[in-house]
Amino acid sequence: MTLEKTRELIAMHVELDSGYNRNAARMVLGEVMRDHGQQAVDQLIRDYGLEQKWAIKPGTHFESAFK
């Protein structure tokens, strides 16, 4: 998944703002972790304020469902 597509998905989930969207965002972050690493995940968390919104902290390790 490209980082551009990831940004679109995360932005959509942040805008919709439900518990289901939090889980979906975590799944997307798992894909980013697999494809781009921890630094990209941490940057997305900061850029979209996921720590304040859903308590998703930089440094959290996410795993992809698709290995």
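Start at 1 with the first residue, then count along the sequence.
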Distance-only donor-acceptor pairs under 3.5 Å for side chains of residues 22-33, two or more places apart:
from  : atom 1 : to    : atom 2 : distance (Å)
Arg22 : NE     : Trp54 : O      : 3.2
Glu31 : OE1    : Arg34 : NH1    : 3.3
Glu31 : OE1    : Arg34 : NH2    : 3.0
Glu31 : OE2    : Ser64 : OG     : 2.4

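- With sequence neighbours left out, Asp35 forms a salt bridge (Lys or Arg N to Asp or Glu O under 4.0 Å) with no residue at all.
- Arg7 pairs by the salt bridge (Lys or Arg N to Asp or Glu O under 4.0 Å) definition with Asp47, not counting sequence neighbours.
- A distance of 8.0 Å separates CD of Glu51 from CD1 of Ile45, quoted to the nearest 0.5 Å.
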Identify all side-chain donor-acceptor contacts of residues 9-20 below 3.5 Å with residues at least two apart in sequence or on another chain.
from  : atom 1 : to    : atom 2 : distance (Å)
His13 : ND1    : Asn21 : ND2    : 3.0
Asp17 : OD1    : Lys53 : NZ     : 3.4
Ser18 : OG     : Tyr20 : N      : 3.2
Ser18 : OG     : Asn21 : N      : 3.3
Ser18 : OG     : Asn21 : OD1    : 2.7

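- Remark: Glu4 pairs with Thr2, Glu8 by the side-chain contact (heavy atoms from CB on, under 4.5 Å) rule, at least two apart or across chains.
- Side-chain atoms of Asp42 do not come within 3.5 Å of backbone N or O of Pro58 as any donor-acceptor pair.
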